[in-house]
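Structure first, then comments.
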There are 2 protein chains.
Amino acid sequence: MKITRNTVAKTAVLEIFGNSTTALSHTEIQKQLNEVCDRVTTYRILDRLIQDDIIHKIVDLDGTVKYAKCRHEHRVHIHNHAHFSCENCHEITCLENVKPSYLIPHSYKVKDINFTLSGLCPKCSS
Amino acid sequence: MKITRNTVAKTAVLEIFGNSTTALSHTEIQKQLNEVCDRVTTYRILDRLIQDDIIHKIVDLDGTVKYAKCRHEHRVHIHNHAHFSCENCHEITCLENVKPSYLIPHSYKVKDINFTLSGLCPKCSS
DNA sequence: TATTAATTGCAACTTTGTTGCGTTATATAA
DNA sequence: TTATATAACGCAACAAAGTTGCAATTAATA
């Protein structure tokens, strides 16, 4: 596997994620980067961060693609946590502790689950 | 609300859905339509069918948008059923009977849930 | 400090979806 | 059956999101 280098742009992207509690879209990141690097470079940085398991990709119910930091508190990193998508402020937050239980026919070999809840987040419902 | 008319193109789209057990993308539908109508018209037909609650829109884990027939067996139509996305053949099927149970803090007002399982479908796992 | 390969910017392109507008066709009433 | 109002259509143009190739730059390490 290729070695990934630390560059100015990558550091800037990581800082943006460090300052955010919610998932961010490429466009939002690009705006915050404020000319630090090209649009294409940001896409490539995001790809690398995903490969390195530093962030993960989330597709919102409306198809919007966002990225969020991975939390590695537990030894094994679980990507299968739930996400909450606020229909008012459109913020996506990871619900690390919400895990659904379900029943499905044995003929389906389930490898991954994606569980996204939508409605109003704590901020928007009060 | 506007009255929707039955047109040649709409009928053709409905027939395509009738012949399919899985969800279809705009591109797949367009190919099957075989010059029956313009790309834009297909988008508009799909919009109308969604409004009329005849089909529903599904966003796959990778962001691919697909459409599937709504089943109205039960009096009340439930959009919140689970979907299965096969990582091999990329088909999406509705799992009408799979319903997850979960626990989430009261501060979140949940209105809708999206539950997508991925892995191998019965066809691809045998 | 020199070297190697990862990273970048830029231009060009693709895919997916949307909008405006003049024309066509459907449903309904005469 | 024919007239008519308007839903639906095709086409052109546009926009957003993402990808690719390539030459130039820069980070890691020898």
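Please read these numbers as outputs of a predicted model, since none were measured by experiment. A, B, ... follow the sequence lines: proteins, then strands. Residue 1 opens every chain.
- Distance CG (B/Leu46) to C1' (C/dT16): 13 Å, rounded to an integer number of Å.
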Please tabulate, for the side chains in residues 115-124 of chain A, all donor-acceptor contacts under 3.5 angstrom to protein atoms that are two or more places apart in sequence or on a different chain.
unit_1   : atom_1 : unit_2   : atom_2 : d
A/Thr116 : OG1    : A/Asn114 : OD1    : 3.1
A/Lys123 : NZ     : A/Glu91  : OE1    : 3.3
A/Lys123 : NZ     : A/Glu91  : OE2    : 3.3

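- Per the geometry, CG belonging to A/Asp62 stands 11 Å off P belonging to D/dA17, to the nearest Å.
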Listed pairs under 3.5 Å, donor-acceptor, residues 32-42 of chain A side chains, sequence neighbours left out:
unit_1  : atom_1 : unit_2  : atom_2 : d
A/Asp38 : OD2    : A/Val40 : N      : 2.9
A/Thr42 : OG1    : A/Gln30 : OE1    : 2.5
A/Thr42 : OG1    : A/Asp38 : O      : 3.2

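- Pairs of residues two or more places apart, or lying in two chains, that qualify as ring pair (Phe, Tyr, Trp, His ring centres under 6.0 Å) and include a residue from residues 24-46 of chain A are A/His26-A/Tyr43.
- Distance NZ (B/Lys57) to P (C/dT16): 13 Å, rounded to an integer number of Å.
- Distance A/Tyr43 OH to C/dT14 P: 17 Å, rounded to the nearest Å.
- A/Lys111 contributes atom NZ, which lies 9.5 Å from atom OG of B/Ser125 (distance to the nearest 0.5 angstrom).
- In this structure, the NZ atom of B/Lys66 is 15 Å from the C1' atom of C/dT16, given to the nearest Å.
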Show the atom names and distances, to 0.1 Å, of all donor-acceptor pairs under 3.5 Å that link a side chain in residues 11-24 of chain A to residues at least two apart or in another chain.
unit_1  : atom_1 : unit_2  : atom_2 : d
A/Thr11 : OG1    : A/Thr7  : O      : 2.7
A/Asn19 : ND2    : A/Glu15 : O      : 3.3
A/Ser20 : OG     : A/Thr22 : N      : 3.2
A/Ser20 : OG     : A/Thr22 : O      : 2.9

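- Following rounding to the nearest Å, A/Gln30 (CD) and D/dG18 (C1') show an atom-to-atom distance of 13 Å.
- With the end axes of the helix from C/dT1-D/dA30 to C/dA30-D/dT1 each set by five pairs, the angle from one to the other reads 30° at 10° resolution.
- Between A/His83 and A/Leu95 the shortest side-chain heavy-atom distance does not fall below 4.5 Å.
- Distance alone, capped at 3.5 Å, is enough to place a donor-acceptor pair between the B/Asp62 side chain and the B/Thr64 backbone.
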(message) Walk along nucleotides 6-16 of chain D from 5' to 3' and tag each nucleotide B, S or - by protein heavy-atom contact under 4.0 Å, base first, then sugar-phosphate.
(response) BBSSBBB----

